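Take a look at the structure set out below.
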Amino acid sequence: MDDGEMKILVVDDQEDNLFALESTLRPIGRPVARARSGAEALKTVMRGGIAVILLDVLMPQMDGLEVLSYLKRLEQTKDVPVILVTGLGRDDGMARRAFGLGVADILVKPVDPWTLRARVRTLADLYAENVALRRQLDTLREHPSDPGRVPEQREERADRTGPQERV
């Protein structure tokens with residue numbers, strides 16, 4: 001998958017919230033996927049191709065913090081940035097728990113569209129660049145004798161006559 005095609009996943013159990021988030025994020029230019037439950041979100045993320053997740057905190061069966069906890073425990077999904085979206089207002093206890101689990105950010109509804117787009121765009125672009133760099137590094141490791149590869153940087157000693165005493 002082309003890194004520019006990596007998707008934004010919006011997760012909310014309310015259809016109107018999904019529609020509002022999708023509409024707000026459309027100008028970013030990345031495809032937007034949706035999930036209506038924590039279980040559906042996990043299935044979508046496990047398929048790959050997700051650059052950032054916008055995750056509602058309050059959902060039935062599996063809430064946003066449970067989904068976040070699960071995502072951060074799996075090697076395949078632990079680095080995908082997650083932004084929690086909450087309608088509960090400021091909750092310091094929830095924020096401590098979320099940041100302890102590795103959330104990238106927490107936004108309180110109603111979310112300012114400009115703030116939302118800026119944060120999502122930045123996190124999605126950084127994640128996609130990170131994925132591309134990892135692929136390049138893996139390729140270099142798999143084919144170390146390729147003539148086009150970047151050589152490893154080695155620290156050169158300033159003095160080749162032997163160790164010097166430091167004063």
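Model, not experiment: these values are computed from the prediction.
Across every non-hydrogen atom of K72 and D79, the tightest pair is NZ-C, 4.4 Å. Nearest heavy atom pair, residue M6 against residue A51, reads CB-CB, 3.7 Å. Of all heavy-atom pairs between I106 and A95, the closest is CD1-CA, 3.6 Å. Scanning all heavy atoms of the two residues, the minimum distance from L68 to A98 falls at CD2-O, 3.8 Å. Of all non-hydrogen atoms in Y127 and P81, the two that sit nearest each other are CD1-CD, 3.6 Å. Residues G48 and Q76 come closest through the heavy atom pair N-NE2, 4.5 Å.
No side-chain heavy atom of Q14 sits under 4.5 Å from any side-chain heavy atom of D56. Using a 4.5 Å heavy-atom cutoff, the side chains of L71 and V45 are in contact. Side-chain contact between R119 and T122 is absent, with no heavy atoms from C-beta onward closer than 4.5 Å.
Annotation for F19: atom CZ does not count as buried by contact number, only 12 or fewer foreign heavy atoms lying within 6.0 Å.
Formation of a donor-acceptor pair under 3.5 Å by the E5 side chain with backbone atoms of P31 is not found in this model.
Applying the side-chain hydrogen bond (donor to acceptor under 3.5 Å, both in side chains) test to pairs two or more places apart or on separate chains, those with a residue in residues 88-101 are R90-D92. Legend: side-chain hydrogen bond (donor to acceptor under 3.5 Å, both in side chains) pairs involving residues 57-70, not counting sequence neighbours, sorted by first then second residue: S69-R73. Residue pairs meeting the side-chain hydrogen bond (donor to acceptor under 3.5 Å, both in side chains) criterion with at least one member in residues 33-44, sequence neighbours excluded: E15-R34, E15-R36, E22-R34.
Applying the side chain to side chain donor-acceptor pair (under 3.5 Å) rule to D13 yields no partners; only residues at least two apart in sequence or on another chain are considered.
Cluster annotation: V108 and V57 are assigned to distinct hydrophobic clusters (Ile/Leu/Val/Met/Phe/Trp/Tyr, side-chain heavy-atom contacts under 4.5 Å, transitive). Hydrophobic clustering (side-chain heavy atoms under 4.5 Å, transitive across Ile, Leu, Val, Met, Phe, Trp, Tyr) keeps L137 apart from V131.
Residues near W114 contribute nothing to a hydrophobic cluster around it, because no ILVMFWY side-chain heavy atom sits closer than 4.5 Å to its side chain. Taking a 4.5 Å side-chain heavy-atom cut-off between Ile, Leu, Val, Met, Phe, Trp and Tyr, the cluster of L18 extends to I8, V10, L21, L25, I28, V32, V52, L54, I83, V85, L107, V111, L116, V120, L123.
Atom CD1 of residue I53 and atom NZ of residue K7 lie 13.0 Å apart, to the nearest 0.5 angstrom. Atom CG in D138 sits 6.0 Å away from atom CD in E142 (nearest 0.5 Å). Within the model, atoms CZ of R121 and CG of L126 stand 12.5 Å from one another, a figure rounded to the nearest 0.5 Å. Taking CG of D12 as the start and CG of L58 as the end, the distance is 9.5 Å to the nearest 0.5 Å. Note that the CG atom of L42 and the CE atom of M62 stand 5.0 Å from one another [nearest 0.5 Å]. Taking CG of L9 as the reference point, atom CZ of R30 lies at 13.5 Å (rounded to 0.5 Å).
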